[in-house]
Amino acid sequence: MALRNIVTEGDGVLHRHCRPVTSFDSRLHQLLDDMRETLESADGVGLAAPQVGVLRRVVLVMETNVPEGEEPYIIELINPEIVECSGGQTGPEGCLSLPGRFGLVTRPMDVTVRAQDRDGNFFEVKGHELTARCFCHEVDHLEGIMFTRLASRMLTDEELESGSWRDEVDG
Ligand code: ZN
């Protein structure tokens with residue numbers, strides 16, 4: 001495995017459409033293993049292939065809604081499609097490609113994704129709250145969409161720290 005460099009905002013690769021994966025081969029497995037290591041090392045909750053410069057429909061999402069005492073785990077999603085959404089949530093959202101910057105983004109509260117695993121088998125997975133937000137954020141990356149395009153506005157460090165953005169969301 002190897003760490004890959006995470007590209008940051010300003011790199012054109014973040015604004016391009018990604019192509020579907022058609023070969024579930026050792027090259028894909030290498031990419032997934034590298035992305036896994038890169039995500040863990042960056043301490044993030046999600047990573048899309050274009051963020052490491054690869055224009056393919058591959059994303060990783062960290063499932064953090066786990067029973068007490070269990071470790072969060074990474075879900076590998078190849079050719080993911082959002083098939084169901086419900087509810088809504090508005091809160092701060094960030095991106096490893098835009099370090100230190102957060103914006104207020106509204107997303108569904110529950111999301112179901114249909115995808116393939118690293119061997120090409122189809123499966124469905126549900127995400128709630130942060131995981132639902134991540135599914136949407138990472139799938140957006142595959143269309144070249146950064147969260148800044150969807151944010152109602154960006155937050156200052158102070159607002160983020162104090163949580164004052166909650167007032168306008170709840171109110
Ligand atoms: Zn991102």
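If you read the sequence from its start, that first residue is 1, and numbering goes on from there. Every value quoted in this text rests on a predicted model; they were computed, and no experiment measured them. Counting starts at 1 for both ligands and their atoms, in listed order.
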**Student:** Does the T106 side chain pair with the main chain of T90, one donor and one acceptor, at a distance under 3.5 Å?
**Tutor:** no
**Student:** If the condition is side chain to side chain contact (heavy atoms under 4.5 Å, CB included), which residues does N121 pass it with, not counting sequence neighbours?
**Tutor:** D117, D119
**Student:** Could you list the donor-acceptor pairs under 3.5 angstrom formed between side-chain atoms of residues 14-25 and any protein atom two or more places apart in sequence or on another chain?
**Tutor:**
residue, atom, partner, partner atom, Å
H17, ND1, E143, OE1, 2.9
D25, OD1, R27, N, 3.3
D25, OD1, L28, N, 3.1

**Student:** Does E84 come within less than 4.0 Å of K126, counting only side-chain N to carboxylate O?
**Tutor:** no
**Student:** What number of protein N, O or S atoms occur at distances under 2.8 Å from the Zn ion (ligand 1)?
**Tutor:** 3
**Student:** Counting only pairs under 3.5 Å, give me each side-chain donor-acceptor contact of residues 38-46, with atom names and distances, residues two or more places apart or in other chains.
**Tutor:**
residue, atom, partner, partner atom, Å
T38, OG1, R4, N, 2.9
T38, OG1, D34, O, 2.7

**Student:** Any side-chain heavy-atom pair from V105 and R133 closer than 4.5 angstrom?
**Tutor:** yes
